[in-house]
Amino acid sequence: MKRIIAALTVFLLFLQVAQAQEFVEEQAAAVQSFPRNEIGLSATLGTDVQLIAVQGSTLLSIVSTLLTNETFIIIPILVPLSLEYNFWATDRLAFGISLNADTVSALPYALLSKISIMPDVKYRLLCSDGFSMYSKAAVGYKCMYLGVQEDGKMKYTEILTPIRSEMQAEIDANPFRITRFATNVLVSPVAWQISPLCFEVNTAAKGLSFYLELGIGVQGALNLGFKKMF
């Protein structure tokens, strides 16, 4: 009889331990339930390169029309793409990196491209069923390339460093001129983006969301695209 009671006691203790372990596993699964990884592809609009291209093509179209007495319109081709990856450390905070290519072309004659890579951080301000709102900040490195057709071939040169060197020499001679701002901000190798208002809406496809980010920097004033959560 004592052996039976002892066996029942051991069995009950084992059952309680198993239930406790199962409860802990369920709690851990609940904590890990939200998707940790995020990959996004978007179009970046309203960057400095795009604004310069639009203004330059407009001016060139007007001048060419006046000189030829015929309607002459130059339309720049914009290829603004951004590829991002983020890891959500918690349901509120994420860390990631983005690769951005802001290209303007008048092929086959010329092409201007700004390429940047930036680590970023996101903080989710609001999250409800199917909708969330967050802020994003990023800082990294950028370079700019100019492609010009010569002898039937496109030749590319890195132009950011030479421009900065020339402007720095002018600053050294005239330290109070506006070129100090241009050198330190516009042609700086430092890439940055601040997007205080960002919105995300779930689509009908599982794990696929549409997002829109409003801000200023390398990714422009408007960044919109789709992201996959897994």
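All values below were derived from every heavy atom in this structure, side-chain atoms included, with hydrogens, water molecules and symmetry-related copies excluded. If you're wondering where the values come from, they're calculated on a predicted model, not measured in any experiment.
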If you look at every heavy atom in Gly46 and Leu51, which pair is closest and at what distance?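 In terms of heavy atoms, the two residues are closest at O-CD1, 4.4 Å.
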Where do Lys142 and Ser116 come nearest, in terms of heavy atoms and distance?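 Smallest heavy-atom distance, with atoms named: CB-CB, 3.8 Å.
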Atom [atom1] of [X] with >12 non-hydrogen neighbours under 6.0 angstrom:
| X | atom1 | value |
| --- | --- | --- |
| Tyr145 | OH | no |
| Tyr123 | OH | no |
| Ile216 | CD1 | no |

Check the pair Lys122, Glu200 against salt bridge (Lys or Arg N to Asp or Glu O under 4.0 Å), reporting the backbone distance first and the verdict last. CA-CA 12 Å; Lys122 293 181 180 180; Glu200 179 182 338; over 6 Å; no
Answer whether the closest heavy-atom distance between the side chains of Leu222 and Leu212 falls below 4.5 Å.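 Yes - at least one pair of side-chain heavy atoms lies under 4.5 Å apart.
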Less than 4.5 Å apart, side chain to side chain, heavy atoms only: is that true for Lys155 and Val148?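 Of all side-chain heavy-atom pairs linking Val148 with Lys155, none is under 4.5 Å.
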Tell me whether [X] contacts the main-chain N or O of [Y] through its side chain, where contact means a donor paired with an acceptor under 3.5 Å.
| X | Y | result |
| --- | --- | --- |
| Ser82 | Thr44 | no |
| Ser135 | Pro196 | yes |
| Arg124 | Leu93 | no |

Given the rule in the side-chain hydrogen bond (donor to acceptor under 3.5 Å, both in side chains) test, do Gln193 and Asp120 qualify, once you have shown the distances and angles that lead to the verdict? CA-CA 9 Å; Gln193 177 72 26; Asp120 65 59; over 6 Å; no
